[in-house]
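Scroll down for the structure; my scribbles are underneath it.
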Number of protein chains: 2
Amino acid sequence: MLTSLAADRDTGTRHADRLRQALEADIVTGVFKPGERLDEQRLADRFGVSRTPLREALAQLAANGLVTLQPRRGAFVVSLTFQEIVERFEMMAALEGMCGALAARRLVASDREALLNSLEACRREAADGDSDSYYQANEVFHQIIYRAARNAFLAEQSRQLQARLQPYRRLQLRAGRRIAASFAEHERIVAAILAGDAEGAERELRDHVLIQGDRLRDFFASLAHAGED
Amino acid sequence: MLTSLAADRDTGTRHADRLRQALEADIVTGVFKPGERLDEQRLADRFGVSRTPLREALAQLAANGLVTLQPRRGAFVVSLTFQEIVERFEMMAALEGMCGALAARRLVASDREALLNSLEACRREAADGDSDSYYQANEVFHQIIYRAARNAFLAEQSRQLQARLQPYRRLQLRAGRRIAASFAEHERIVAAILAGDAEGAERELRDHVLIQGDRLRDFFASLAHAGED
DNA sequence: GTCAACTTTTTCGTATACAAGAAGCTCGAT
DNA sequence: ATCGAGCTTCTTGTATACGAAAAAGTTGAC
């Protein structure tokens with residue numbers, strides 16, 4: 001059901017595309033860790049294909065910024081510096097804000113309904129206090145906003161960047177306090193969109209994302225000082 | 001000098017990367033027209049390589065949205081519908097606006113100098129009235145703003161999208177009146193950035209891009225009605 | 001002349017082969 | 001014991017080979 005929101009063109013009978021999707025999933029979900037080397041032959045064996053289509057899949061992932069290809073050295077899962085993560089959160093905040101502003105202006109009945117349903121799902125998961133299921137409900141909530149912006153390109157770019165930040169974002173929501181705060185922000189976001197308040201929706205969504213960035217900054221800062229005393 | 005602004009990591013001794021750059025340039029500059037089929041063997045012969053690295057280059061271009069790979073049919077230069085072009089201009093306007101807002105907040109001395117120099121270059125080319133050289137000066141001007149935002153990821157995304165819209169944008173600036181108007185907008189943009197007026201810079205840049213989108217809409221509308229009477 | 005079924009040709013997708021560079025290892029010198 | 005030169009092994013980058021699907025061309029019926 002999530003994939004139906006994504007704008008991945010069905011690429012038919014090409015191993016390279018199937019491999020790209022599988023590798024992307026493994027990178028995004030953290031099966032392959034940042035910095036890890038991806039051995040072509042080993043992966044080809046694992047998927048039961050030769051190196052040729054696998055290399056094409058790696059080329060696509062490199063173009064998408066998920067892996068880096070070091071000449072004569074191989075493919076590595078991209079490992080972002082703190083600065084690079086901050087830059088991407090800054091971009092993500094702007095994209096989400098833009099989605100919110102457009103959604104507020106263009107909301108159609110079906111998106112309005114989906115948005116309200118998703119908010120209720122978030123409310124339930126937040127009450128349960130299970131961070132994993134809230135994380136999933138949260139993801140659906142944002143995907144609905146991407147779609148409600150009625151700009152397929154913007155939605156696809158947002159989805160891609162969101163996926164790329166997923167490993168880093170996952171570090172943060174664990175704290176129970178954050179879930180309640182996140183849901184309160186969701187409520188304000190929905191209120192602004194339903195009211196047609198484009199600027200309000202933009203601001204709420206931007207801040208909603210930036211707060212995650214700030215929390216990540218704190219997380220990194222605590223890492224940097226770990227073991228000092 | 002333009003390439004020094006772009007954040008293309010040096011990819012060393014890989015045919016696939018060289019091919020990707022060459023093909024991207026040919027697509028962006030219109031050597032290969034939208035919808036055109038790209039024959040693998042013919043291109044491989046032209047570049048003096050085999051199909052293997054060429055296919056990897058095509059895979060990268062497909063991941064970047066410059067070509068589409070139709071299974072068992074081949075690679076085609078992406079042909080955007082009017083709706084898709086509008087969506088990309090909408091995104092471009094937001095990205096440029098964001099660059100402007102960040103540049104206004106973060107302007108450093110070297111960027112300030114580059115911005116002023118570029119504005120003067122635009123003034124000269126606008127006075128000359130040569131649309132091609134103004135087009136080039138305009139491109140440099142925008143690249144400087146991307147860089148002044150001090151967010152390398154945002155700058156790279158803006159540069160990529162700008163390149164992708166280049167074939168469509170080129171249709172518009174020919175009209176002499178537009179050059180003068182464009183330069184006047186540049187002056188207001190620079191004034192806002194120098195004044196540290198983030199909201200003003202964002203608004204001016206957003207409108208600056210959206211005007212191009214509007215003009216494109218007019219252009220398409222005139223095409224649709226061509227030959228009616 | 002048009003259309004459909006069949007044949008031929010072209011071109012894609014993948015596997016395999018091989019050359020060249022990088023990583024790892026042995027072994028001797030300090 | 002540590003370090004570096006030379007050798008070995010492994011891996012990448014590219015070319016080539018081949019089966020299969022699509023496109024193009026041909027033939028025949030109506």
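Naming convention: chains lettered A, B, ... in sequence-line order (proteins, then strands); numbering from 1 in each chain.
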Residues 68-77 of chain A side chain polar contacts: donor-acceptor under 3.5 Å, at least two apart:
residue : atom : partner : partner atom : Å
A/Q70   : OE1  : A/R73   : NH1          : 3.1

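- Residue pairs meeting the side chain to side chain donor-acceptor pair (under 3.5 Å) criterion with at least one partner in residues 92-102 of chain A, sequence neighbours excluded, are A/E96-A/H142, A/E96-A/Y146.
- Side-chain atoms of A/Q162 and A/L95, non-hydrogen and from C-beta on, never get closer than 4.5 Å to each other.
- Computed from coordinates, the A/H15 NE2 to C/dC12 P distance equals 18 Å when rounded to whole Å.
- For A/R20 and C/dG13, the CZ to P distance is 15 Å, given to the nearest whole Å.
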**Request:** Just do the side-chain hydrogen bond (donor to acceptor under 3.5 Å, both in side chains) check on A/Q60 and A/E56 with the steps written out, would you?
**Result:** CA-CA 6 Å; A/Q60 291 189 298; A/E56 292 183 8; over 6 Å; no
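- The stretch residues 33-47 of chain B does not touch DNA chain D, since none of its heavy atoms comes less than 4.0 Å from the strand.
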Could you list, one pair per line, each protein nitrogen or oxygen that sits under 3.5 Å from a nitrogen or oxygen of nucleotides 22-25 of chain D, together with the distance?
residue : atom : partner : partner atom : Å
D/dA23  : OP1  : B/R73   : NE           : 2.4
D/dA23  : OP1  : B/R73   : NH2          : 3.1

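- Panel note: side chain B/R88, backbone B/E84; a donor-acceptor pair is recorded below 3.5 Å.
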Side-chain donor/acceptor pairs under 3.5 Å, residues 106-115 of chain A, sequence neighbours excluded:
residue : atom : partner : partner atom : Å
A/R106  : NH1  : A/A149  : O            : 3.1
A/R106  : NH1  : B/E90   : OE1          : 3.2
A/R106  : NH2  : B/E90   : OE1          : 3.4
A/R106  : NH2  : B/E90   : OE2          : 2.5
A/D111  : OD1  : A/R150  : NH2          : 3.3
A/D111  : OD2  : A/R150  : NE           : 3.2
A/D111  : OD2  : A/R150  : NH2          : 2.8

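- Taking the six-membered ring where the residue is Trp, A/F141 and A/H186 present parallel rings, their angle staying beneath 30° rather than reaching 60°.
- A side-chain donor-acceptor contact under 3.5 Å links B/D39 to the backbone of B/Q41.
- Closest of all the heavy-atom pairs between A/V78 and A/G65 is CG2-O, 3.4 Å.
- Taking the charged nitrogens against the carboxylate oxygens, A/R159 and A/E156 do have a contact shorter than 4.0 Å, which makes a salt bridge.
- As rounded to whole Å, 14 Å separates atom C1' of D/dA21 from atom CD of B/Q70.
- Here the P atom of nucleotide D/dT11 and the CZ atom of A/F76 are 12 Å apart, to the nearest Å.
- Contacts between residues 49-57 of chain B and DNA chain D, counted as heavy-atom distances below 4.0 Å, involve B/V49, B/S50, B/R51, B/T52, B/P53.
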